[in-house]
Amino acid sequence: METKKRNSFSGSIGFILAAAGSAVGLGNIWRFPYLAARDGGGLFLLVYLVLTLTFGFTLLTTELAIGRKTKQSASTAFGVVNKKWKSLGILPYVICMIILPYYCVIGGWILKYFVAFVCGDMNKTLNKDYFSNFISDQWWPIIFAVIFLGATAIIVFNGINDGIEKFSKFLMPILILIIIIVAIFSITIKQIDANGVTRTGFQGFKMYLIPNFDGITVKDFISVVVDAVGQLFYSISVAMGIMVTYGSYVKDEEHIGKSTNMIEVFDTGVAFLAGAMVIPVVFTYMGKDGLAASGPSLIFESLPKAFSQMGDVGGIVGILFFAMVLFAAITSSVSLMENLVSSNIDVFHVSRKKSVVITTLIVLAVGVIVCLGYNILAVNVDLPNGSTNNTILDILDYSSNNLLMPLLALLTCILIGWVVKPKYVIDEVEKTGKKMGRKVLYVIMIKFVAPICLIALLLKSLGLLDFLLN
Ligand code: PHE
């Protein structure tokens with residue numbers, strides 16, 4: 001089994017689209033717009049962009065280079081980089097095992113909304129309790145999550161070329177097309193409300209773009225930066241081992257630097273367009289207050305309301321929107337499962353088929369528990385970052401995104417920046433003979449700036465950042 005030739009992506013486009021497929025997910029479409037709306041629109045965009053070109057570039061390059069150099073999935077790659085760091089490989093496995101079940105549950109919710117819009121049930125989704133009634137039902141969320149998980153498993157079962165690559169090459173261009181169409185549409189809409197006030201999508205778009213520095217204190221600014229860091233590394237799918245695993249399928253002739261740039265352009269482009277699509281619609285139909293009140297329920301509660309106000313077109317826009325979110329979510333869940341499956345293959349030398357079946361069964365069991373967290377297993381726990389009344393899904397999300405991921409990223413920075421030294425990554429990037437861009441920046445980032453940002457993020461998660469800033 002060991003001597004079998006490792007799979008690889010057939011070429012750079014296949015790899016870039018698969019990696020971009022992993023990166024572009026719910027984080028871009030659901031989380032980015034509401035963070036941008038909350039954190040002062042243009043200011044958040046600006047901070048995010050700077051961080052992408054520095055922090056994001058550093059982490060993404062590092063993971064891809066580790067994967068390609070070691071030709072191992074995340075669970076075994078760190079041990080090849082440095083024997084003493086072998087145990088770090090457990091962390092990415094645990095992280096993906098925590099995320100995948102609840103990602104499939106959310107994927108199931110999106111599937112439910114897509115089906116509702118296709119069946120012409122848009123008006124039913126407007127009912128105040130539609131979303132909460134659905135997620136607290138004992139059976140339906142499980143059924144939809146199983147369908148989503150099943151689709152993920154089938155793609156991973158088919159392997160790198162016939163599964164992941166083929167699927168990403170087909171879905172990603174459609175996704176980009178839909179998001180551009182819907183974004184243009186939402187910037188051009190106009191509505192006169194009951195009080196005779198006219199609001200346009202373009203006004204909402206301007207609010208999204210123009211930085212608002214009104215009354216911003218240093219503390220607010222730090223909090224925007226920490227929010228943006230958290231969003232960024234979740235969004236580009238680093239700190240879960242995914243990019244290490246995908247990097248291990250990249251051929252030695254490919255230029256990693258170019259791929260990193262392309263993945264960032266995709267990820268940031270889709271996040272930006274998602275904001276351009278969601279914020280103008282919600283602003284036009286629900287005003288500034290509607291936008292401020294939305295928060296995480298933005299796509300399940302506010303958007304359907306906004307769509308319904310568009311009349312018949314709204315039904316079609318809704319179908320397109322949820323289809324797009326579904327595509328974005330499935331290419332991400334595929335990358336999570338691939339990381340688990342590939343790690344099993346590397347560690348236990350089992351076949352891909354066996355690994356997919358076992359992984360799916362474990363994820364299914366945890367997924368069912370996550371669904372039951374909205375009815376018979378409701379726990380209502382308070383978390384150290386200050387959020388109250390959390391469900392099992394929230395707890396899993398918190399422990400992966402807020403604790404384990406920053407921790408893995410921090411340890412990766414220490415391993416590369418201080419133990420094996422940045423040259424390890426730089427040499428791998430320059431293997432093709434082409435120079436690596438932003439080299440000095442890379443060294444400063446991996447040794448100093450990224451670890452500091454990550455420590456700030458960890459402190460925030462533990463509820464200690466506000467305490468220190470006060
Ligand atoms: N990067 C994805 C997003 O933006 C999130 C993701 C999480 C992807 C976990 C893969 C795995 O939504």
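Order of appearance sets the numbers: ligands from 1, and atoms from 1 within every ligand. Small disclaimer: the values here were computed from a predicted structure and weren't measured.
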From the options I174, I319, I179, L177, select the one residue that forms a side-chain contact (heavy atoms from CB on, under 4.5 Å) with M324. I179
List ligand 1 atoms under 4.0 Å from [X], heavy atoms only on the residue side.
| X | result |
| --- | --- |
| L336 | 9 (C), 10 (C), 11 (C) |
| L26 | 3 (C), 12 (O) |
| N28 | 3 (C), 4 (O) |

May I ask you to identify the nearest protein heavy atom to atom 9 (C) of ligand 1, giving residue, atom name and distance to one decimal place in Å? M240 SD, 3.4 Å
Using 30° and 60° as the class boundaries, would you call the ring planes of F300 and F322 parallel, tilted or perpendicular? parallel
So Y48 and F44, would you call those rings parallel, tilted or perpendicular, with 30° and 60° as cut-offs? parallel
For atom 1 (N) of ligand 1, which of G25, A23, G27 has the closest heavy atom? A23
Heavy-atom proximity to atom 5 (C) of ligand 1, picking from Y234, F32, W30, points to Y234
Say whether S332, considering both its backbone and side-chain N or O atoms, lies within less than 3.5 Å of an N or O atom on ligand 1. no
Under 3.5 Å, side chain of N339 to main-chain N/O of S73, donor-acceptor pair present? no
Check whether the side chains of N158 and D162 place a donor and an acceptor atom closer than 3.5 Å, and report yes or no. no
With a 3.5 Å cut-off and no angle check, do the side chains of E165 and S10 form a donor-acceptor pair? yes
So which bit of S335 gets within less than 4.0 Å of ligand 1, heavy atoms only: side chain, backbone, both or neither? side chain
Answer with side chain, backbone, both or neither: which part of I242 has a heavy atom less than 4.0 angstrom from an atom of ligand 1? side chain
Test ring pair (Phe, Tyr, Trp, His ring centres under 6.0 Å) applied to F272 - qualifying residues, sequence neighbours left out: Y208
